[in-house]
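Everything on this sheet refers to the single structure shown next.
Lettering of chains follows the sequences in order, A, B, ..., and the numbering in each one begins at 1. Quantities reported herein were computed from a predicted structural model and do not represent experimental measurements.
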Amino acid sequence: MCGRYNLIIDAEALIDFFDIEHAAIEEFSPRYNISPSQDVPIVRNTGSGRVLVLARWGLVPHWSKEEKPTFSTINARADTVADKPTYRDPFKRKRCLVPSTGFYEWKREDDQKIPHHIRLPDGELFAFAGLWDHWDKEGAGFDSYSIIVTGANETMQPIHDRMPVILNPAQYNTWLNNKHFNRAQLESMLVPYARTLKVNPVSRYVNNPKHDDAGCVAL
DNA sequence: CCAGACGTTGTT
DNA sequence: GTCTGG
DNA sequence: CCAGACGTTGTT
DNA sequence: GTCTGG
């Protein structure tokens, strides 16, 4: 599972790394502690280039009567994403990239839960495989998204048995091509990350969603 | 047919 | 214990 | 994911 | 909107 992550980078680097055609966000400050329900940058493909937009973490299906779903949609299981009513259509036509520089998982030890920060070897930018949808009510709509999760890879195993799907840059175009749907090809991308990750225990400071500074990635 | 769910994880 | 808010 | 609330009425 | 359960 993935219920908290960070995006410690400035807008310029984000736009550069993801080859963004149009950035539909006013401004962006590095985020150390992104929580569900918050508006966060995601990358979508419009057909004429990639756009960076703000979307709410926790996918609200277009058919939802309420502005908030009555069930958790922050994550979608890789093995059922093609079949679940909430994710089936987004999987076909509304795939997105969710930029990140690291995520947090809580390791259970006895009766304690110790937060860990997981990132790429050099803390570089990467992307989770995501799905989005648009909810609208009398013109007042918004975009929201979910992060796809799968089993843990070798590095993650000691911490937690699940992890978010991390895509490689070589896969971005195929994942974002919402005009072409090949279920088997797309599902083959939703696997545990093949490379080694860096895992560090951090202070419980990160536990509080109100905290959003460098203290979140320190011990 | 209509009503009600639509999700994930962890724990018992 | 369980739900809501961030 | 964790933190924090979890309730009602009447009065200012 | 669409599927499942009754």
Side-chain angles (χ1 to χ4, degrees), chain A residues 1-8 28-42 54-94 98 100-119 128-137 141-152 156-166 190 192 197 199-213 215-218:
Chain A
M1 192 169 189
C2 180
R4 214 77 78 79
Y5 68 98
N6 60 45
L7 183 54
I8 310 169
F28 176 75
S29 299
R31 292 294 312 276
Y32 290 84
N33 197 4
I34 296 169
S35 306
S37 81
Q38 297 181 337
D39 288 325
V40 191
I42 62 168
L54 285 184
R56 184 183 304 180
W57 188 10
L59 188 148
V60 182
H62 61 90
W63 42 259
S64 178
K65 287 173 186 129
E66 305 297 324
E67 184 170 343
K68 286 171 186 162
T70 56
F71 49 93
S72 176
T73 55
I74 63 171
N75 293 143
R77 290 182 63 97
D79 52 354
T80 55
V81 80
D83 297 315
K84 295 279 186 181
T86 298
Y87 302 125
R88 194 180 62 181
D89 285 354
F91 182 54
K92 282 183 182 165
R93 296 193 304 274
K94 290 186 168 66
V98 181
S100 174
T101 48
F103 59 100
Y104 304 101
E105 294 284 1
W106 279 258
K107 179 177 183 176
R108 287 163 189 277
E109 279 186 280
D110 303 323
D111 55 352
Q112 287 199 26
K113 293 174 81 173
I114 302 164
H116 287 69
H117 180 208
I118 298 102
R119 57 202 151 126
F128 296 125
L131 302 173
W132 67 279
D133 205 347
H134 182 81
W135 187 86
D136 195 87
K137 190 178 186 180
F142 62 92
D143 293 336
S144 57
Y145 70 96
S146 184
I147 293 172
I148 299 177
V149 292
T150 186
M156 282 294 301
Q157 203 68 61
I159 309 299
H160 200 66
D161 61 356
R162 309 281 300 161
M163 73 179 292
V165 172
I166 297 172
L190 307 179
L197 294 163
V199 180
N200 288 108
V202 291
S203 158
R204 275 174 292 181
Y205 182 77
V206 72
N207 284 16
N208 193 329
K210 289 175 183 170
H211 296 159
D212 189 15
D213 56 59
C216 293
V217 292

NA contact type, A:Asp83, heavy-atom cut-off 4.0 Å: base, sugar-phosphate, or nothing? nothing
Do the side-chain N or O atoms of A:Arg4 get closer than 4.0 angstrom to the phosphate oxygens (OP1, OP2) of C:dG6? no
Wobble G-U and Watson-Crick pairs count when both distances are under 3.5 Å; given that, what is the 5' to 3' dot-bracket string of DNA chain C, with | for pairing to other strands? ||||||
Could you check whether A:Val206 gets within reach of a base, just the sugar-phosphate, or nothing at all, counting any heavy atom under 4.0 Å? nothing
Looking at D:dA3, I'd like to know if its phosphate oxygens (OP1 or OP2) sit under 4.0 Å from a side-chain N or O belonging to A:Asn207. yes
Euclidean distance, atom NE2 of residue A:His211 to atom C1' of D:dC1 [Å, nearest integer]: 15 Å
With a 4.0 Å limit, can you tell me whether A:Ser35 has a side-chain N or O closer than that to the phosphate oxygens OP1/OP2 of D:dC1? no
Check whether any side-chain nitrogen or oxygen of A:Arg108 sits under 4.0 Å from OP1 or OP2 of B:dT11, and answer yes or no. yes
Do any side-chain nitrogens or oxygens of A:His160 fall under 4.0 Å of OP1 or OP2 in B:dG10? yes
Is there a donor and acceptor pair closer than 3.5 Å between the side chain of A:Ser72 and the base of B:dG7? no
Going by centres under 5.5 angstrom and planes under 30 degrees, do the aromatic ring of A:Trp63 and the base ring of B:dC6 stack? yes
Look at A:Lys113 and D:dC2 and indicate whether a side-chain polar atom (N or O) is within less than 4.0 Å of OP1 or OP2. yes
Taking any heavy-atom pair under 4.0 Å as a contact, classify A:Arg88: base, sugar-phosphate, or nothing. sugar-phosphate
Gap in Å between the two C1' atoms, one belonging to D:dG7 and one to B:dA3, rounded: 32 Å
Any A:Arg162 side-chain N or O less than 4.0 Å from OP1/OP2 of B:dT8: no
Reckon A:Tyr87 touches a base, only the sugar-phosphate, or nothing at all at heavy-atom distances under 4.0 Å? sugar-phosphate
